[in-house]
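Note sheet for the following structure.
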Amino acid sequence: MKYEFDAIEKKWQQRWEGSKPYAAITGDKRPKFYGLIEFPYPSAAGLHVGHPRPFTAMDVICRKKRMEGYNVLFPIGFDAFGLPTENFAIKNHIHPSIVTKNNIENFTRQLKMLGYSFDWERVVDTTDPDYYKWTQWIFLQLYKHGLAYKATMPVNWCTSCKCVLANEEVVEGVCERCGSEVIRKEKSQWMLRITEYAQRLVDDLDALDFIDRVKTQQRNWIGRSTGAQVVFKATTGDDIPIFTTRPDTMFGVTYMVLSPEHALVHQWLPLLENADEVTAYQRVAASKSDLERTELNKDKTGVLLRGVRGVNPVNGEEIPIFISDYVLSTYGTGAIMAVPGHDQRDWEFAKKFDLPIIEVVAGGDVEKEAFVAKDDTAVMVNSGFLNGLTVRDAIPAMTKWLAEQGIGEAKVNFKLRDWVFSRQRYWGEPIPMVFCPQCGWVPLPESELPLVLPNVESYEPTDDGESPLSKMTDWVNCDCPNCGGPAKRETDTMPQWAGSSWYFLRYMDPHNDKEAVSRAAEEYWGPVDWYNGGMEHTTLHLLYSRFWHKFLYDIGVVHTPEPYAKRTSHGMILGNNPHYVGNVETEEEKQALIEKYGSMALRQYVKMSKSLGNVVNPDDVVKAYGADTMRLYIMFIGDFEKTASWSDEAVKGSKRFLDRCWNLMEQAKDDPQHSRKNEAVIHRTIKKVTEDIDQLKMNTAIAALMTMVNEFYANGCTKGDLQTLILLLSPFAPHLAEEMWELTGYAASTGVMAMQHPWPKYDEALMVEQEKEIAVQVGGKLRATVVIPLNADDETVLGIVYANEKIARLMEGMEVVKTIIVKNKLVNLILKPKK
RNA sequence: GCCGGUGUGAUGGAAUGGUAGACGUGACGGACUCAAAAUCCGUUGGGCUAAUCCCCCGUGUGGGUUCGAGUCCCACCACCGGCACCA
């Protein structure tokens with residue numbers, strides 16, 4: 001009988017559709033397990049092979065958890081608002097809602113084709129008004145708690161998307177989505193005060209079971225630094241607050257720098273002798289794009305403010321004030337004290353403008369370079385009352401002195417900025433706010449939610465930076481909810497990240513029309529036990545959703561301060577590089593490729609992309625080999641956390657393995673017990689598979705199953721052996737497992753599907769053979785192997801070792817100085833010549 | 001510059017300080033077949049060799065610790081990722 005994967009997979013998918021064995025039951029008495037994957041963005045291209053990797057892994061985990069007796073919530077949904085859909089709609093003249101509907105249908109078909117054990121009754125779609133009603137509701141709560149505000153400020157503007165971007169969406173000065181140049185533009189935007197939560201977002205990472213690189217990246221991004229805020233005076237009498245991490249170096253301050261946008265610069269302009277020079281510099285600085293601003297190793301530029309000076313509060317000395325764009329208006333106070341002796345940037349600036357450099361920490365040569373001490377035990381010099389103290393002691397001493405003088409205090413600063421939350425695009429959640437000339441910004445009453453996105457004729461973005469919705473005058477003009485007078489709606493929409501910031505909560509209670517999620521459902525399911533997703537979301541979705549969850553915790557919607565107990569991440573799937581030098585024979589061709597493609601030509605595997613034509617479509621793989629082979633291969637491909645390379649050839653190996661499993665049915669003896677010969681390998685494999693799945697080491701779990709099957713072929717097997725194999729295989733290849741389970745008769749006799757059978761248990765005592773081959777080393781080098789009885793005592797082992805012909809030969813004329821015996825593993829003999 | 005990570009056969013990748021290369025792909029040899037595919041069995045790190053006997057070498061490089069190092073320590077090289085004029 002042949003393994004007809006096509007028919008088998010259809011058959012079982014239909015059965016699951018009917019009997020719904022994957023439904024999660026809120027409130028059930030079994031222990032709960034909430035496994036979460038990042039819901040996909042339903043693009044027109046459909047699933048690519050990057051999706052099945054995390055999806056299959058979590059499916060395997062969830063299937064195993066069910067067999068272990070857990071009540072499992074494994075949901076799926078669609079993050080369907082966003083630019084690609086809108087752009088596709090513009091190009092093809094189809095309404096985004098139609099595009100979305102079609103794409104979701106296609107994704108659903110593909111996901112079902114792969115046999116995932118999602119609870120399909122809980123599907124969430126972020127573009128559904130019943131869903132985004134609650135996204136809008138959360139926004140209103142943020143607004144009511146002072147965490148949403150409208151502000152005019154320079155924002156990142158993507159020249160291609162014609163839309164503002166959050167800082168998190170700008171990567172190396174370009175738009176993370178389309179790669180176009182990002183410029184700074186002065187715009188009035190809705191902002192979310194994520195900075196209010198910066199401290200908690202850092203602190204609470206400690207207790208979470210997140211992989212380290214996620215924690216590190218979030219900490220990097222939030223960028224906490226501790227120091228002091230100090231008020232310097234200007235000769236005009238104005239206060240100039242600055243932030244420094246090194247208050248100990250204040251005696252080394254020889255000038256100050258303000259950012260070009262600093263408010264005091266505007267205020268002082270009439271007093272300045274060189275006002276023209278100053279305004280010219282401001283103009284240049286303002287016109288720079290993010291890319292230009294962050295260019296490496298660029299020269300320090302700046303302008304001295306002539307007519308105003310600063311005063312160093314520790315010694316009363318007057319110092320010059322400059323403006324320079326190396327000081328950022330958005331960090332700290334937008335002004336710094338400059339200590340050129342001990343800060344590289346200040347040093348470069350001082351050299352360029354010929355400013356004095358004072359050494360205040362001993363140990364370097366400040367004329368040659370800034371001395372930035374690596375440890376804090378260096379000693380203070382030229383620093384008045386700090387002289388002789390170590391840096392470690394000088395920092396608190398100075399901080400204390402500043403506080404006593406009333407001119408400074410300890411302060412923590414963050415790199416994290418508030419979240420720019422509005423987008424000048426159509427396909428997003430409308431922001432439920434109204435602007436009234438009398439009352440200002442007024443939130444829509446909750447009773448009017450959802451504020452439904454209206455149908456418009458054209459969703460083209462506009463060059464003037466207004467949302468397409470602004471042209472919908474019928475919709476825009478409304479009554480003020482406060483005074484009833486004429487008012488206008490906000491026409492910007494929410495960013496892509498809004499809907500995904502809380503979707504995992506909606507899965508817990510997806511059909512609730514009274515609340516975002518009921519407290520009871522949330523208390524039962526929350527927090528998510530295991531969340532797997534891409535590293536690219538670490539400082540986007542993952543950070544945003546932690547912020548929203550903390551806010552929801554503060555207002556009593558959820559019962560834990562963190563949404564996800566555990567976070568893991570998968571590596572990317574790479575495809576064949578068509579321009580790889582290894583693909584050609586001659587030197588000339590190789591040189592030509594290197595010339596044309598540079599370093600890319602040297603890489604055998606690269607990111608899959610349409611332009612390279614190396615994209616693998618899961619539909620094709622399933623058609624050729626079946627879903628179970630696809631699932632198995634994507635799990636076997638390599639270390640889950642690392643990037644892996646797709647190989648059409650290697651897929652066959654997974655298919656071959658499933659064929660071998662299937663073909664075992666013909667030769668299995670009709671005996672429900674394990675065969676004696678296979679007992680040990682079976683128990684070892686149960687242990688290995690059980691532990692490896694929990695650690696996401698799917699590749700080695702599958703390798704162990706392959707080893708076991710190889711043993712079955714070598715030893716013969718019983719139906720009992722086979723049934724254990726089926727159970728262990730069922731999370732990976734569920735369709736094949738169910739069919740084999742039925743055919744081997746277990747289901748017929750008990751009415752239980754493989755997936756409903758308890759997960760096999762192993763017995764340590766049965767795991768080992770009665771005989772063991774161990775290594776014999778002489779002086780640490782392997783010289784022979786011998787077979788010993790399991791757990792033999794040292795004397796017996798040495799007897800066997802000495803009886804070995806080769807060892808005996810090596811021992812001729814030698815005496816044993818030392819023997820090292822590792823039980824059931826190895827013997828190491830240290831020899832020296834006999835006298 | 002700072003912070004992480006990685007480096008193992010032709011190839012994807014395995015190895016709680018204890019027989020390096022599990023498992024898979026590819027290649028080679030054999031069985032079955034008129035033949036091919038599929039399947040099954042075997043071989044497959046390099047050198048030396050008549051030999052699947054010995055011996056030597058071998059996990060990016062150079063040192064070290066240890067009876068024993070892919071694994072631990074020190075220094076370096078290469079690649080990948082994150083942050084970056086953040087005071």
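The figures here come from the full heavy-atom set of this structure, side chains too, leaving out hydrogens, waters and symmetry mates. Every chain is numbered from 1 and lettered A, B, ... according to where its sequence line falls, protein lines coming before strand lines.
- Among the nucleotides B:rG82, B:rU39, B:rA87, the one closest to the side chain of A:N220 is B:rG82.
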Nucleotides 54-58 of chain B: which of its N/O atoms have a protein N/O under 3.5 Å away?
residue: B:rC55; atom: OP2; partner: A:K806; partner atom: NZ; Å: 3.2
residue: B:rC56; atom: OP2; partner: A:R783; partner atom: NH1; Å: 3.2

Does the side-chain contact (heavy atoms from CB on, under 4.5 Å) test come out yes or no for A:F232 and A:I407, once each step is laid out? CA-CA 8 Å; A:F232 280 56; A:I407 52 173; over 6 Å; no

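- Nucleotides B:rG70 and B:rU59 place their P atoms 7 Å apart, quoted to the nearest Å.
- In this structure, A:L632 places its CG atom 12 Å from P of B:rU25, rounding to the nearest Å.
- Here, B:rG29 and B:rG13 have their C1' atoms 26 Å apart, quoted to the whole Å.
- At whole-Å resolution of the value, CD in A:E649 and C1' in B:rA27 are 12 Å apart.
- For the pair A:D248 CG and B:rA87 P, the interatomic distance rounds to 14 Å; values are reported in whole Å.
- Taking a 4.0 Å limit (strictly below) on heavy-atom distances, residues 701-711 of chain A reaches RNA chain B at A:A703, A:M706, A:T707, A:N710.
- Nucleotides B:rG64 and B:rU71 have their P atoms positioned 14 Å apart, rounded to a whole Å.
- Listed nucleotides: B:rU19, B:rU25, B:rG81. Nearest to the side chain of A:A775: B:rU19.
- Comparing B:rA87, B:rC67, B:rU19 by their closest approach to the side chain of A:E773 singles out B:rU19.
- B:rG42 and B:rC32 have their C1' atoms separated by 15 Å, given to the nearest Å.
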So if I define the base as every atom that isn't primed, P, OP1 or OP2, how would nucleotides 7-14 of chain B read as a B/S/- string at a heavy-atom cutoff under 4.0 Å? -----BSS

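- Atom C1' of B:rC56 sits at a distance of 22 Å from the matching atom of B:rG60, rounded to the whole Å.
- Side-chain atoms of A:T785 lie closest to B:rU19 of the nucleotides B:rU19, B:rG26, B:rC41.
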For a quick check, with a 4.0 angstrom heavy-atom cut-off, what is the B/S/- contact string for nucleotides 47-53 of chain B, read 5' to 3'? -------

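- Going from atom CZ of A:F414 over to atom P of B:rC83 covers 18 Å, rounded to whole Å.
- For the C1' atoms, the distance linking B:rA38 with B:rU33 amounts to 11 Å, nearest Å.
- In this structure, A:I222 places its CD1 atom 15 Å from C1' of B:rC3, rounding to the nearest Å.
- Between A:Q217 atom CD and B:rC3 atom C1' the separation is 10 Å, expressed in whole Å.
- Of the C1' atoms belonging to B:rU52 and B:rA37, the separation is 31 Å, rounded to the nearest Å.
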What pairs of donor and acceptor atoms, side-chain ones from residues 573-580 of chain A against any protein atom, are under 3.5 angstrom apart with sequence neighbours left out?
residue: A:N577; atom: OD1; partner: A:H579; partner atom: N; Å: 2.9
residue: A:N577; atom: ND2; partner: A:M600; partner atom: O; Å: 2.7
residue: A:N577; atom: ND2; partner: A:R603; partner atom: O; Å: 2.7
residue: A:H579; atom: ND1; partner: A:Y597; partner atom: OH; Å: 3.4

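- Where RNA chain B pairs in unbroken runs of 3 or more (Watson-Crick or G-U, both distances under 3.5 Å), the stems are B:1-7 with B:77-83, B:10-12 with B:23-25, B:26-31 with B:39-44, B:45-47 with B:55-57, B:60-64 with B:72-76.
- Going from the C1' atom of B:rG30 to that of B:rG7 covers 38 Å, rounded to whole Å.
- In this model, the phosphate group of B:rA87 is approached by a side-chain N or O of A:S225 to a distance below 4.0 Å at OP1 or OP2.
- Between A:Y331 and A:I774, the residue anchored nearer the 5' end of RNA chain B, judged by the nucleotide with its closest heavy atom, is A:I774.
- The side chain of A:L782 has B:rA20 as its nearest neighbour among B:rA87, B:rA20, B:rU39.
- With a 6.0 Å radius and a threshold of 12 heavy atoms from other residues, nucleotides or ligands, A:K607 has its NZ atom at or below the threshold.
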